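Atom set for the values below is all heavy atoms of this structure, side chains included, hydrogens, waters and symmetry mates excluded. This structure is a prediction, so every number in the text was calculated from the model and none was measured. Just follow the structure's listing: the first ligand is 1, and inside any ligand the first atom is 1.
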Amino acid sequence: MPRNPRYDILFEPVRIGPKTAPNRFYQVPHASGMTNAAPHARAAFRGMKAEGGWGVVCTGACSVHPSSDDSPFPFASLWDEADVRAHALMTGAVHAHGALAGVELWHGGAASVNRTTRHAPLSPSGVPWMATHVGFMSSARPRVMDAADIRDLIRWHAEAAVRAERAGFDILYVYAGMGYLPYQFLLSDYNHRTDAYGGSVRNRVRLTEELIDAVREATHGRAAVALRISLQELRARPSEVAESEGHEVISLLREAPDLFDVKMDYSATDCAPSRYAPEGSHEPVVDFVKTLTDRPVVGVGRFTSPDTMVSMVRRGILDLVGGARPSIADPFLPRKIAEGREAEIRECIGCNMCISSWHDGVWVRCTQNPTAGEEWRRGWHPEVVGRDGADRVLVVGGGPAGLEAALTLARRGFDVALAEAAREFGGRLRFEAALPGLRAWGRVADYRLGQLRQMANVALYPESPMGAEDVLAFGARHVVIATGAEWLPVLCGANELPAGQTGAPRVHTPDDIAAGAVIAGPVAVFDYDNNYMGSAVAESLAGKGLEVTYVTTAGAADAWGVMTNEQSLVHQSFARLGIAQRTLEIVTGFDGETLRLAQIFSGEARSVPARSLVIVGQRRGRSALHDGLRLADLKGAGIDRLHLTGDANAPGAIAHAVYQGHRTAREVGLAAADLRVLRDAPFAPRDVPAPARAAE
Ligand code: ADP
Ligand code: SF4
């Protein structure tokens with residue numbers, strides 16, 4: 001299909017200093033969990049985005065020196081020739097598709113406490129960075145940099161820039177954001193210095209300016225130099241000479257970098273979950289930058305709509321449309337717009353499973369794109385699946401796992417029937433996407449149904465509950481069972497092992513609410529799942545006007561939400577909605593009027609009045625259909641193999657169900673020997689000789 005002319009502007013080239021981006025689609029630096037220990041996996045992950053049409057593809061934060069060590073979070077480095085070789089694979093993969101490759105030179109300062117390298121953390125004035133936030137917690141406090149340290153920092157950037165250019169990068173970043181070292185110099189809260197680098201905004205900007213100059217000089221102006229800067233706090237601070245300190249900083253730096261990459265200050269606002277922040281949520285903070293500089297500006301906002309992207313450019317907010325999450329969810333987003341296939345975009349749902357991978361210290365995983373991180377290891381392409389199937393396949397269950405399995409099997413060429421008991425497809429999403437803030441999660445079903453409905457080799461059967469006899473009689477060669485999971489109405493002990501039921505009236509699970517149960521208030525929500533469901537149910541009930549008490553075994557509401565950047569926002573939301581919180585407690589009894597509780601560690605008994613109890617605890621796979629199909633009957637019915645997948649196999653997040661569904665579909669009809677799983681390995685410094693020193 002031809003491209004919609006409305007989107008032509010997105011395909012204009014943009015000059016970035018000495019380089020030219022072929023279009024306005026710019027994959028900004030973002031964490032992938034793929035450090036230099038996985039150079040082939042990383043190259044394939046980034047290269048896929050270049051293949052999908054992103055004009056600029058950046059790698060994640062890259063430490064310039066061992067005094068910037070983010071462990072246990074995964075981070076890349078540019079410390080030596082082994083690192084150069086590792087990154088060269090990525091730039092080669094990106095260049096192969098005509099895109100520019102960028103690298104974010106990074107020094108974490110007080111925010112990276114060097115757990116592995118054991119260097120004393122560096123800072124402008126000895127102020128730690130959010131030391132009590134769980135992910136960053138450490139007893140290490142930074143030391144104050146002296147003039148020699150500042151000179152070293154500038155030299156480390158220059159040396160890393162030389163290595164970056166040798167690795168093939170076109171755009172080199174200076175990173176003054178998110179609490180990292182140059183950012184701490186910019187903010188008076190962290191910078192109390194009385195030398196030329198502290199005091200006035202002019203002085204606080206000096207380090208950033210000198211870093212930009214050093215990177216440019218080290219590469220003799222051949223590479224473009226970008227400045228990544230956080231503006232949330234700076235814009236909130238008054239200035240005597242400008243609208244805000246943010247305005248003052250940008251004015252002072254307006255001609256320094258070749259590109260401004262503008263963002264928020266904290267992970268929870270920068271990479272905000274869709275539950276609490278809509279597309280384009282950065283705009284009120286970054287919208288002024290282009291009024292103060294002629295240099296191109298890139299910014300993000302979880303943009304998935306080409307109309308919003310065009311509007312950002314036409315309204316003069318951005319020159320380049322930045323994407324991190326949208327590029328993970330759909331590496332082919334630009335190509336789809338270019339080919340008039342924007343309806344086929346696999347839109348990011350803003351669930352932040354991707355960022356949780358970084359917090360977990362593992363390769364990126366994505367709810368919408370199960371192939372993310374598997375491009376090299378398993379050879380999975382997000383758009384292309386070998387057409388190697390023809391047999392009839394029956395998929396039972398139309399939730400995320402069943403939909404993904406059906407779609408991937410259909411792409412492989414199988415003749416696919418998808419049977420779903422309910423009138424609507426979507427499985428758990430039918431309920432979950434209706435919870436407060438979770439509407440965008442419905443895209444998981446919408447994208448897959450949109451594709452399936454157009455495929456000639458797919459038959460969709462809603463309102464078709466399947467029993468064992470129906471499966472046997474269907475005449476399929478392969479059967480995939482994706483029948484989901486159910487919540488159990490059981491309490492738990494202090495060790496969080498599931499315990500018995502209460503036997504009281506008005507005890508519910510999320511499944512009961514999904515089925516339309518009317519909840520009487522006051523209601524207690526007991527959460528020992530500690531993921532989004534407990535807090536979302538509490539918000540939903542409070543939104544209906546009920547008095548809600550949220551009880552959790554954890555030390556804070558939505559305990560796992562710290563991994564997805566939701567937790568702080570859940571706490572804000574609970575405060576807004578007046579939801580009472582009780583932490584580190586278990587429910588020991590309920591009689592329909594009073595809830596009995598015990599403190600986890602002391603066992604001290606407490607009680608609160610409640611007429612209903614909602615338990616969000618354990619889930620169990622709904623595998624009865626699978627388990628009831630006996631091998632002999634399957635053989636007799638001509639069924640080659642029965643697969644159990646998704647939550648029915650192992651209950652988990654939607655991302656896990658989609659991944660399982662995808663993997664099952666890739667494996668149907670194949671023998672184990674046909675499936676490849678490669679193992680990546682780093683280049684070790686001893687394997688890579690340093691280049692000969694040029695004659696002085
Ligand atoms: P997953 O996340 O693994 O996809 P879900 O719970 O979201 O799991 O979806 C499972 C779907 O399977 C639900 O929509 C449910 O109605 C459907 N289902 C369960 N049992 C049957 C069955 N016997 N026949 C047809 N559909 C079923
Ligand atoms: Fe978007 Fe969720 Fe995928 Fe992250 S994991 S890119 S937030 S869909």
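- The salt bridge (charged side-chain N to carboxylate O under 4.0 Å, His left out) pairs that include a residue from residues 561-570 are Arg275-Glu566, where partners are two or more places apart or lie in different chains.
- The salt bridge (charged side-chain N to carboxylate O under 4.0 Å, His left out) search around Glu283 returns Arg315, not counting sequence neighbours.
- Checked against a 6.0 Å centroid threshold, the rings of Trp54 and His97 do not count as neighbours.
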Worksheet item: So Lys49 and Phe25, side-chain contact (heavy atoms from CB on, under 4.5 Å) or not? Walk me through it.
Response: CA-CA 10 Å; Lys49 305 196 202 199; Phe25 294 94; over 6 Å; no
Ligand 1 polar-atom proximity to protein (N/O, under 3.5 Å):
from     : atom 1 : to     : atom 2 : distance (Å)
ligand 1 : 2 (O)  : Asp647 : OD2    : 2.5
ligand 1 : 3 (O)  : Asp647 : N      : 2.7
ligand 1 : 3 (O)  : Asp647 : OD2    : 3.4
ligand 1 : 4 (O)  : Pro400 : N      : 3.1
ligand 1 : 4 (O)  : Ala401 : N      : 2.8
ligand 1 : 7 (O)  : Arg428 : N      : 2.7
ligand 1 : 14 (O) : Glu420 : OE1    : 2.7
ligand 1 : 14 (O) : Glu420 : OE2    : 3.0
ligand 1 : 14 (O) : Arg430 : NH1    : 3.2
ligand 1 : 14 (O) : Arg430 : NH2    : 3.3
ligand 1 : 16 (O) : Glu420 : OE2    : 2.6
ligand 1 : 23 (N) : Met466 : O      : 2.9
ligand 1 : 24 (N) : Met466 : N      : 2.9
ligand 1 : 26 (N) : Ala421 : N      : 3.0

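- Side chain to side chain, Thr59 and Glu104 fail the donor-acceptor criterion of an N or O pair below 3.5 Å.
- Aromatic rings of Trp358 and Phe73 (six-membered ring for Trp) have centroids within the 6.0 Å cut-off, being under it.
- In this structure, Trp376 has its ring center no closer than 6.0 Å to that of Phe45.
- Remark: of the listed residues Arg448, Arg666, Arg346, Arg448 is the sole one forming a salt bridge (charged side-chain N to carboxylate O under 4.0 Å, His left out) with Glu404.
- Excluding waters, the set of protein N/O/S atoms under 2.8 Å from atom 1 (Fe) of ligand 2 reads Cys348 SG.
- Remark: the His643 side chain and the Glu667 side chain contain no N/O donor-acceptor pair separated by less than 3.5 Å.
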